[in-house]
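Have a look at the structure below before the remarks.
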Number of protein chains: 2
Amino acid sequence: MPNSRLRLTPQRRIILEELRNTRCHPTADEVYDLVRKRLPHVSLGTIYRNLDFLHTQGLILKLDKVGTQMRFDAFVDPHLHISCLKCGKVADLPQNAATVTLRTEGLTDSEAGFEVTGHWLELYGVCADCGNKVVVDK
Amino acid sequence: MPNSRLRLTPQRRIILEELRNTRCHPTADEVYDLVRKRLPHVSLGTIYRNLDFLHTQGLILKLDKVGTQMRFDAFVDPHLHISCLKCGKVADLPQNAATVTLRTEGLTDSEAGFEVTGHWLELYGVCADCGNKVVVDK
DNA sequence: ATATCTGCAAAGGATTTGCACGAGT
DNA sequence: ACTCGTGCAAATCCTTTGCAGATAT
C-alpha cells in the first residue's frame with residue numbers, strides 16, 4: 001500500500017512562506033523569482049507542482065479567472081479580488097464589498113437543467129496607480 | 001491615409017452565421033470545425049483573427065473566464081453563463097437568475113484605492129447530462 | 001527498501017504572429 | 001495601385017510531464 005505521508009520539504013515551506021509574506025497575488029513565475037532568492041537551484045516545475053499541491057491541501061487559493069496567468073493567494077479566508085484593467089494587478093477587497101443573490105428555485109427548471117452549486121465573482125476597475133497615471137502614449 | 005473600410009468577407013460572414021446558429025458557446029477550434037464544413041480551406045489563424053475582430057466590433061462576446069479555452073457567444077444581450085464542473089459545457093441563464101449588489105461607497109477608500117468599474121459573475125454547477133450520468137470509473 | 005520529491009528538459013495546448021499571396025475597390 | 005484579409009507555418013506563452021537521481025523514514 002502507498003505511504004500517504006506527505007512531506008513539508010524546504011521547497012514547499014519556502015513557497016508557502018513567500019506567499020504568506022505578500023498580498024500581491026503573484027503568478028507562478030513571480031513565486032519562482034521569490035523562491036529562487038532563497039533556493040537558487042529550485043526549478044519552475046517544482047514551483048508549479050507545489051503550488052498545485054498546496055492548493056489541493058487547501059493551504060492556498062488558485063486564482064484562475066484573473067487575467068491570462070494563474071495567480072496564488074495564501075490568504076484563504078473568504079474575500080473578493082479586484083483586478084486592474086490597465087496593469088493587471090490584483091488586490092483584495094472585503095467580502096462584504098459585494099453580495100450575490102441567487103434565484104435558484106427557477107434555475108433547475110430552466111432549459112439548461114443545471115444544478116447551481118457555486119459562483120465566482122470577479123470585480124475589475126482601475127487601481128490607484130493607473131488612475132493617477134498621466135497617459136503619455138498617443 | 002488608410003482606408004478604414006472593413007470588409008464582410010465570406011469567412012467573417014460564415015463565422016458569424018455559425019455562431020448565431022448555436023447556443024453552445026463554442027471554442028475557437030469548434031468554430032473552426034463548423035466553418036470548415038462550408039469553407040474547407042479556412043485556417044485556424046483566420047478563425048482567431050476574425051473572432052477577435054467580431055468581438056472588437058461588438059458583434060459577439062468573448063468568454064475568457066470559462067474553463068481553459070475561450071468561448072464565443074453571438075447573443076450579446078445581457079445574460080449569465082453557467083459552466084458544468086464535470087464536462088465544461090456552458091449554458092445560458094436568464095440575467096435575473098442572480099443579482100450582484102456592490103457597496104462601492106466604501107471601496108475607493110479601501111487600502112486598495114481601486115475604482116470599481118465593473119464585475120463578472122460566473123456560475124457553475126452540474127448540467128443535466130452529467131447529473132444523470134452513472135459513474136463508471138473507480 | 002520504498003515511496004515521495006526534485007531538477008532538468010522536453011512536450012503540450014491554446015493563441016498569436018510573420019510573411020507572401022489573394023481579393024476588393 | 002493600394003489596402004485589407006487570408007492561408008500556412010512557425011513562434012510564443014504558460015503549464016504540465018517524463019525521467020533519473022535525491023531525500024526522508
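Letters A, B, ... mirror the listed sequences (proteins, then strands); counts begin at 1. Computed from a prediction, not measured in an experiment: that's the story for all the values here.
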- Note on the structure: Whole-Å distance, B:Leu44 CG to C:dG13 P, equals 14 Å

- From CD1 of B:Ile15 across to P of D:dG5 the rounded distance in Å is 12 Å

- Query: Contact class for A:Asn50 (heavy atom, under 4.0 Å): base, sugar-phosphate, or nothing?
  - Reply: sugar-phosphate

- Item | Residue A:Tyr48, side-chain atoms from C-beta onward, closest of D:dT16, D:dG5, D:dC19 | D:dT16

- Item | Side-chain donor/acceptor of B:Arg49 to base of C:dG18, under 3.5 Å | yes

- Task: For B:Leu102 and A:Ala98, work out which heavy atoms get closest and say how close.
- Result: CD2-CB, 3.4 Å

- Task: Could you check B:Arg49 against B:Thr46 for side-chain contact (heavy atoms from CB on, under 4.5 Å), going step by step and ending with a plain yes or no?
- Result: CA-CA 5 Å; B:Arg49 270 187 293 238; B:Thr46 295; 4.0 Å; yes

- Starting at atom CG of A:Asp29, determine the distance to atom P of D:dT15, rounded to an integer number of angstrom. 8 Å

- Hey, does the side-chain of A:Arg7 have a donor or acceptor N/O within less than 3.5 Å of a partner on the base of C:dC5? no

- Atom CD of A:Gln69 to atom P of D:dT12: distance rounded to whole Å? 17 Å

- Query: Which class fits the ring pair B:His79 and B:His25: parallel under 30°, tilted 30 to 60°, perpendicular over 60°?
  - Reply: tilted

- Task: Considering non-hydrogen atoms only, spot the tightest contact between A:Phe53 and A:Arg12 and give its length.
- Result: CZ-NH1, 3.3 Å

- Measure from NE2 on A:His41 to C1' on D:dG21 and round the result to the nearest Å. 16 Å

- Item | Residue A:Met70, side-chain heavy atoms: nucleotide from C:dG24, D:dT16, C:dT6 that is nearest | D:dT16

- Minimum-distance nucleotide (side-chain atoms of A:Thr46 versus C:dT15, C:dG7, C:dC5): C:dG7

- Establish, with yes or no, whether the OP1 or OP2 oxygen of C:dG7 is under 4.0 angstrom from a side-chain nitrogen or oxygen of A:Gln11. yes

- Roughly how many Å is it from CD1 in A:Ile47 to P in D:dT15, rounded to a whole number? 13 Å

- Taking for each residue the nucleotide of DNA chain C with the nearest heavy atom, is it B:Gly45 or B:Pro10 whose nucleotide lies nearer the 5' end? B:Gly45

- CD of B:Gln57 versus C1' of D:dC4: gap in Å, rounded? 13 Å

- Message: I'd like to check A:Val31 versus A:Glu18 (side-chain heavy atoms, cut-off strictly below 4.5 Å). Are they in contact?
- Response: no

- A:Arg12 (side chain) and C:dT6 (base): donor-acceptor pair under 3.5 Å: no

- May I have the distance from B:Phe53 (atom CZ) to C:dT15 (atom P), rounded to whole angstrom? 20 Å

- Think A:Thr9 has a side-chain N or O under 4.0 angstrom from the OP1 or OP2 of C:dT6? yes

